[in-house]
Protein chains: 2
Amino acid sequence: MSDEKPYHHGDLRAALLLAAEAELAERGVEAFSLRSVAKRAGVSHAAPAHHFGDATGLLTALAAYGFQDFLATQHAFEARAPKTPRDQLIAAGLGYVGFARARPALFRLMFGSERTDYKNAALKGAAEGAIGHLKAQVMLVGGDAAQDATAVWATAHGLADLLIAGRISVIRNMQEDDLQEMLTNILTRSLPEA
Amino acid sequence: MSDEKPYHHGDLRAALLLAAEAELAERGVEAFSLRSVAKRAGVSHAAPAHHFGDATGLLTALAAYGFQDFLATQHAFEARAPKTPRDQLIAAGLGYVGFARARPALFRLMFGSERTDYKNAALKGAAEGAIGHLKAQVMLVGGDAAQDATAVWATAHGLADLLIAGRISVIRNMQEDDLQEMLTNILTRSLPEA
DNA sequence: TTTTAGTCTAGTCACTGTCAAGATATGATT
DNA sequence: AATCATATCTTGACAGTGACTAGACTAAAA
């Protein structure tokens, strides 16, 4: 009469988000299954509906949570970099790529999936927070904020997406050090000129 | 006794590929369904299996076909551009983005999906053809082929992926002319220096 | 004409997301 | 403390899915 699972989980919402990211990482966005998430959390197949509505609801919440970590990763990279605006911006770009490589399925969910609802306020807010951060940094460096932010962002995003897709054959057999140096070079070139 | 459908389709394989791209465009990669493709082609739900094995087989064939059109689009853009190596490379980049915008779901399938088999010879060949073309152009311009090709490619890819995701708010309300100019500017900056 | 191989259909299975109904626990009101 | 309302979770059902099997049909080879 001790190890009995209580009827109420306690914090199922958080547990489901954790399970969902694990499922996402193991099976990918396209093979993602609500029932499998429920099973992993040790709960009935219909339980998630009460917290997230449907599958889109869960994935939307997960994407929003992902954007928060995404921003946090960039901040972590920035903290370890020199404090000049340019270095900070490059660090943010490396953080962008680093996040994608560490959690590729989540990254894909955030930026590419159609199974999330971008009209959702929480997701929209989290996503715009990440974008706003980048734009603010570009303004510190100076230049045409719109175009320059787009340039840096697109470069980081393209590197990230191609890396996790495994399509850049040049890169597959590269030493991690050399890869980082190359990423830095490419990002630097995308910056507005000093 | 005239309009009766014959038992054999005639060219079901091609018809299925056409239907598959239409389904892809309408419902997206993640909601893609084999049975729906079969229905659209007016054929039983198990018919595709005889031509493509399983769903992955069909999507793999479709991706390979996509890479051919992808290359053709770039060539079309190049034909309309000045014949200097730099202009040709930029045109290829614009073609890259143009293809993604015209057929976003197919583009996503080619570069992002896990429902394709990249060990498949046809797909691998088609994909490497597109990559080889880009690399060849970079060598004409001069520079460190590996790094420079990666830079241009990542920039084009990032612009394309972000554009079709609709995440670049700066761009959503932009005039098409201004957008093209901006894309050209950003791609130019990613090029090895003259 | 007979055989063989290729093409397509029909039926089945386990799995999926969603819905509806009911069981159980929590907490507010009295 | 007792009752009621609400939130949480389970169970069971449904149509749609991918994959598999067996068989029907057809065309071309022998």
Side-chain angles (χ1 to χ4, degrees), chain A residues 1-24 26-63 105 109 113-117 120, chain B residues 1-24 26-63 105 109 113-117 120:
Chain A
M1 67 242 349
S2 57
D3 262 2
E4 291 288 320
K5 241 183 7 179
Y7 193 91
H8 287 304
H9 181 285
D11 194 4
L12 183 54
R13 194 191 148 86
L16 285 173
L17 282 174
L18 264 175
E21 187 179 354
E23 282 288 316
L24 208 63
E26 282 179 17
R27 324 209 315 176
V29 198
E30 288 157 7
F32 180 85
S33 134
L34 247 194
R35 284 174 113 104
S36 191
V37 170
K39 185 177 288 181
R40 180 184 284 261
V43 100
S44 85
H45 67 263
H50 298 279
H51 292 273
F52 300 101
D54 54 8
T56 296
L58 207 184
L59 291 173
T60 298
L62 185 58
L109 176 74
S113 178
E114 293 140 12
R115 299 185 73 180
T116 51
D117 174 21
N120 176 275
Chain B
M1 64 221 17
S2 57
D3 261 2
E4 291 288 320
K5 242 182 8 178
Y7 193 91
H8 287 303
H9 181 284
D11 193 3
L12 184 54
R13 193 191 148 87
L16 284 173
L17 281 175
L18 265 176
E21 187 179 354
E23 281 288 318
L24 209 62
E26 282 180 18
R27 324 209 316 177
V29 198
E30 288 157 7
F32 180 86
S33 132
L34 247 194
R35 285 172 113 104
S36 190
V37 170
K39 184 177 288 180
R40 180 184 285 260
V43 100
S44 84
H45 67 264
H50 298 277
H51 293 273
F52 300 102
D54 54 9
T56 295
L58 207 184
L59 290 173
T60 298
L62 185 58
L109 176 74
S113 178
E114 292 141 11
R115 299 184 72 180
T116 51
D117 175 20
N120 175 276

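Computed from a predicted structure; not experimentally measured. Lettering of chains follows the sequences in order, A, B, ..., and the numbering in each one begins at 1.
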Residues 26-34 of chain B, side-chain donor-acceptor partners within the protein, below 3.5 Å, at least two apart:
residue	atom	partner	partner atom	Å
B:Glu26	OE1	B:Arg40	NH2	2.8
B:Glu26	OE2	B:Arg40	NH2	2.8
B:Arg27	NE	B:Glu23	OE1	3.4
B:Arg27	NE	B:Ala31	O	3.4
B:Arg27	NH2	B:Ala31	O	2.9
B:Glu30	OE1	A:Ser113	OG	2.9
B:Glu30	OE1	A:Glu114	N	3.1
B:Glu30	OE1	A:Arg115	N	3.3
B:Glu30	OE2	A:Ser113	OG	3.1
B:Ser33	OG	B:Arg35	N	3.4
B:Ser33	OG	B:Ser36	N	3.0

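Annotation: proximity of residues 44-57 of chain A to DNA chain D (heavy atom, distance under 4.0 Å) is found for A:Ser44, A:His45, A:Ala46, A:Ala47, A:His50, A:His51, numbered in ascending order.
Nucleotide C:dT16 holds its C1' atom 15 Å from the CD atom of B:Glu30, rounded to whole Å. Rounded to whole Å, atom C1' of C:dC8 lies 15 Å from atom CG of B:Leu34. Atom NZ in A:Lys39 sits about 19 Å away from atom P in D:dC9, given to the nearest Å. One can place CG of A:Leu16 at 15 Å from C1' of C:dG17, the figure rounded to the nearest angstrom. We find that CZ of B:Arg13 is positioned 16 Å from C1' of C:dC8, with the value rounded to whole Å. Taking atom CG of residue B:Leu12 and atom P of nucleotide C:dT9, one finds them 8 Å apart after rounding to whole Å.
The nearest pair of heavy atoms linking A:His50 to A:Ala46 is CD2-O, 3.6 Å. Closest non-hydrogen pair, A:Leu16 versus A:Ala41, comes out as CD2-CB, 3.9 Å.
The CG atom of B:Leu59 lies 11.5 Å from the CD atom of B:Glu21; values are rounded to the nearest 0.5 Å.
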Verdict with supporting geometry, A:Leu17 and A:Phe52, side chain to side chain contact (heavy atoms under 4.5 Å, CB included) | CA-CA 10 Å; A:Leu17 282 174; A:Phe52 300 101; 4.0 Å; yes

Decide yes or no on side chain to side chain contact (heavy atoms under 4.5 Å, CB included) for A:Thr116 and A:Thr56, but give the supporting numbers first.
-> CA-CA 5 Å; A:Thr116 51; A:Thr56 296; 5.6 Å; no

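Of all nucleotides listed (D:dG18, C:dT16, D:dT10), C:dT16 comes nearest to the side chain of A:Ser33.
With hydrogens and angles ignored, a donor-acceptor pair under 3.5 angstrom links the side chain of B:Arg35 to the base of D:dG18.
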